[in-house]
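What follows is a short report on a single structure.
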Amino acid sequence: MSLQVFNTLSGKKETFAPLNEGEARIYVCGVTVYDSSHIGHARSLLTFDVAYRYLMFLGYRVDFVRNFTDVDDKIIQRARDERSTAEQIAGRYIEEFHGDSRALGLLPPTHEPKATEHIAEIVALIRRLEEKGAAYRVDGDVYFSVASFPGYGKLSRKNIDELEAGARVEVDERKKAPMDFALWKSSKPGEPAWDSPWGKGRPGWHIECSAMSTKYLGQPFDIHGGGRDLIFPHHENEIAQSEAAYDLPLARVWMHNGFLNINHEKMSKSLGNILSVRDILARHEPAALRHYMLSSHYRSPMDFSEQGLDEAEKAIERIIETIARFDEAAPEKATVPADPALLDDFRKEMDDDFNTPRALALIFDEVRALNRLMDEGRAAELAPRVAALKQSAATVGLLQEAPAAFLARKKERWLKAKKNISRKEIEEWIERRNQARVKKDWREADRIRAELFAKGIVLEDSSGGTIWKVR
RNA sequence: GGCGGCGUACCCAAGUGGUUAAGGGAGAGGUCUGCAAAACCUCGAUGCAGCGGUUCGAAUCCGCUCGCCGCCUCCA
């Protein structure tokens with residue numbers, strides 16, 4: 001069995017067969033940098049981060065491109081509001097994005113192109129469309145003529161005539177047809193502008209992706225990804241531009257992640273329910289967020305809740321504690337070849353359109369089995385299984401730090417937030433309790449434990465001594 | 001108006017024609033423990049929004065009904 005991927009274009013799962021043997025080329029629409037990234041972005045980013053990692057796990061050499069839209073109306077508007085420049089706004093949010101990206105544990109793309117750095121390619125592409133009669137000029141603007149491209153609507157399964165009939169948006173009278181869209185926009189004074197055959201202006205939104213994907217990946221390439229909402233009009237337009245220009249398919253597989261809502265509502269500025277990646281990661285472990293996202297299938301709609309994140313945090317700690325337990329019990333067995341049976345099972349699940357919920361279920365089955373065997377004192381023989389568990393988890397991007405480091409960091413974070421108690425104090429309490437325990441003064445011992453519990457600390461007594469955890 | 005999605009246990013969520021309907025969280029009982037905690041074991045849907053139908057067999061296919069939502073306009 002090999003990797004099956006759901007292709008929006010065909011509406012079916014298809015066997016993934018890259019154009020070049022052993023090489024996967026993937027382009028994902030990144031963000032428009034005019035504001036902080038929110039958890040909806042995080043879902044999309046994590047979806048394709050997992051795809052990226054899994055393709056590498058399968059042995060592909062992966063060329064992964066994710067762009068920045070760093071010139072557009074919203075950026076210009078924001079710059080105006082802040083009496084700043086579009087360049088500064090974009091620069092600020094690109095930097096912030098990189099911070100979020102690191103915090104989320106995203107693998108860096110092989111290329112991260114910016115629209116503003118590819119104006120020459122964009123202009124050349126528009127020229128080509130003009131030459132082929134697919135584009136027309138109106139004053140300093142250039143539009144794509146949808147009527148010139150017979151395949152228009154094939155991705156979103158839309159019928160142009162119906163679209164026109166249902167259009168409720170005011171139509172620019174200068175366009176030949178309502179669905180025609182801008183390839184190049186002439187600039188007003190004070191707006192970012194580049195020289196072009198049509199005068200000073202800037203690229204339209206869709207054309208940058210056509211230009212950049214083709215530059216870095218060729219045409220066609222293997223997978224084009226993004227959020228569901230990009231299917232129309234963005235990806236439909238990309239297809240129209242690229243295919244009209246080169247008479248070749250743009251991408252063979254189109255992957256789209258489902259939307260994320262909050263309390264059954266779409267995130268939006270007007271509802272004021274936008275949760276930023278920063279805010280979430282200030283309160284939750286990145287691994288918890290990732291686990292939460294991966295616990296539902298990437299194409300399903302998902303409803304975000306803090307409760308779900310809390311539950312995910314407990315779940316992820318179960319995996320981490322189990323591995324930490326093994327690492328402690330058999331540290332000398334840390335590096336051995338992974339047990340192929342578990343990896344095969346993992347591959348089977350992931351091969352089915354990146355079925356991360358099932359892959360996670362497998363991981364938890366294994367966690368339980370390993371704990372049972374460790375309870376029986378058989379840690380030493382478990383090294384290959386733990387290695388497989390680690391590799392599986394790592395392939396979906398979990399377990400990016402050593403379990404012991406994760407647990408230590410979590411404690412540090414908790415201590416920092418909790419100003420009224422220090423590590424030293426906790427250790428003193430535990431020492432006093434241990435003295436009481438030696439004297440079999442259970443009342444005093446339990447009193448201390450209860451007091452620490454009230455502060456959010458759980459004690460665990462074992463043959464090796466007493467340890468404390470945050471709960 | 002057009003197109004599409006969703007409704008599975010207390011909560012989250014896989015499964016889309018065929019053994020006992022995954023997994024996580026919460027809960028109950030048990031093992032271990034001075035007692036706990038952790039870990040482990042056991043138990044939780046005779047049923048998958050409702051009603052009909054197709055089939056030897058359906059959560060899975062078809063029809064209708066109810067409820068929720070998305071896209072068609074910037075949007076991950």
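Just the heavy atoms: all of them, side chains too, but no hydrogens, waters or symmetry mates, feed the values below. Below, read A as the first sequence line, B as the second, and so on, with proteins coming before strands; counting in each chain starts at 1.
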Students often get this wrong, so: under 4.0 angstrom with heavy atoms, is [X] touching a base, only sugar-phosphate, or nothing?
| X | value |
| --- | --- |
| Glu265(A) | nothing |
| Asn355(A) | sugar-phosphate |
| Lys440(A) | nothing |
| Gly226(A) | sugar-phosphate |
| Ser300(A) | sugar-phosphate |
| Leu260(A) | base |

Between Ala369(A) and Gly30(A), the residue closer to the 5' end of RNA chain B by nearest nucleotide is Ala369(A)
Comparing nearest nucleotides in RNA chain B, the 5'-proximal residue of the pair Asp303(A), Phe259(A) is Asp303(A)
[N] and [M]: how far apart are their [atom1] atoms, nearest whole angstrom?
| N | M | atom1 | value |
| --- | --- | --- | --- |
| A13(B) | U54(B) | C1' | 30 Å |
| C51(B) | U46(B) | P | 14 Å |
| C74(B) | G15(B) | C1' | 37 Å |
| U8(B) | G4(B) | P | 23 Å |
| A26(B) | C11(B) | C1' | 7 Å |
| C43(B) | A9(B) | C1' | 13 Å |
| A76(B) | C71(B) | P | 12 Å |
| G70(B) | G23(B) | P | 33 Å |

Nearest whole angstrom, please: distance from the [atom2] of [N] to the [atom1] of [X].
| X | N | atom1 | atom2 | result |
| --- | --- | --- | --- | --- |
| Gln307(A) | C12(B) | CD | P | 8 Å |
| Asn237(A) | U73(B) | CG | C1' | 12 Å |
| His291(A) | A14(B) | NE2 | P | 12 Å |
| Phe354(A) | A13(B) | CZ | P | 21 Å |
| Arg157(A) | C3(B) | CZ | P | 13 Å |
| Arg299(A) | A13(B) | CZ | P | 16 Å |
| Asn261(A) | C12(B) | CG | C1' | 15 Å |
| Leu230(A) | C74(B) | CG | P | 12 Å |

Is there a donor-acceptor contact under 3.5 Å linking the side chains of [X] and [Y]?
| X | Y | result |
| --- | --- | --- |
| Ser145(A) | Asp180(A) | no |
| His291(A) | Glu285(A) | no |
| Asn237(A) | Tyr152(A) | yes |
| Tyr54(A) | Asp351(A) | yes |

Pairing residues for [X] by the ring pair (Phe, Tyr, Trp, His ring centres under 6.0 Å) criterion, not counting sequence neighbours:
| X | result |
| --- | --- |
| His41(A) | His38(A) |
| Phe16(A) | Tyr60(A) |
| Trp254(A) | His224(A), His235(A) |

Answer yes or no: does a side-chain N or O of [X] lie under 4.0 Å from OP1 or OP2 of [N]?
| X | N | answer |
| --- | --- | --- |
| Asn371(A) | C40(B) | yes |
| Arg372(A) | C41(B) | yes |
| Ser305(A) | C11(B) | no |

_Is G70(B) syn or anti, taking syn as a glycosidic angle within 90° of 0?_
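In terms of base orientation relative to the sugar, G70(B) is anti.
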- request: Taking the six-membered ring for Trp and the full ring for Phe, Tyr or His, determine whether the centres of Tyr216(A) and Phe221(A) are under 6.0 Å apart.
  value: no
Would you say the ring centers of Phe6(A) and His297(A) fall short of 6.0 Å from each other?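 No, the ring centres sit 6.0 Å or more apart.
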Can you tell me which nucleotide in [options] comes closest to the side chain of [X]?
| X | options | result |
| --- | --- | --- |
| Phe232(A) | C11(B), G70(B), C72(B) | C72(B) |
| Met267(A) | A13(B), A76(B), G24(B) | A76(B) |
| His38(A) | A76(B), A38(B), C12(B) | A76(B) |
| Met179(A) | C74(B), A76(B), U73(B) | U73(B) |

Whether each nucleotide of nucleotides 27-37 of chain B has a protein heavy atom under 4.0 Å at its base (B), only at its sugar-phosphate (S) or at neither (-) is summarised, 5' to 3', as -------BBBB
In B/S/- notation (B base, S sugar-phosphate only, - none; protein heavy atoms under 4.0 Å), nucleotides 16-23 of chain B written 5' to 3' is ------BS
Determine, for Arg78(A) against Asp81(A), whether the closest basic-nitrogen to carboxylate-oxygen distance falls under 4.0 angstrom.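 No.
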Residue of the set Leu107(A), Leu55(A), Thr110(A) for which side chain to side chain contact (heavy atoms under 4.5 Å, CB included) holds with Val62(A) |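 Passing option: Leu55(A).
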| query | What class does the angle between the rings of His234(A) and His206(A) fall in, given that below 30° is parallel, 30 to 60° is tilted and above 60° is perpendicular? | reply | tilted
Query raised in the report: Where does the angle between the aromatic ring planes of Trp414(A) and Trp468(A) fall among parallel (under 30°), tilted (30 to 60°) and perpendicular (over 60°)?
Result: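 Trp414(A) and Trp468(A): tilted rings.
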Dot-bracket assigned to RNA chain B with the 3.5 Å Watson-Crick/G-U criterion, [ ] for crossing and | for other-strand pairs, is ((((((((.[[[..)..(....]]].(((((.......))))).....[[[[[..)....]]]]])))))))....
Do Val65(A) and Asn67(A) have side chains that approach each other closer than 4.5 Å (heavy atoms only, starting at C-beta)?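 No, too far: nothing below the 4.5 Å cut-off.
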Pick out which of Asp73(A), Asp141(A), Asp72(A) makes a side-chain hydrogen bond (donor to acceptor under 3.5 Å, both in side chains) with Lys185(A).
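With Lys185(A) as partner, side-chain hydrogen bond (donor to acceptor under 3.5 Å, both in side chains) holds for just one option, Asp73(A).
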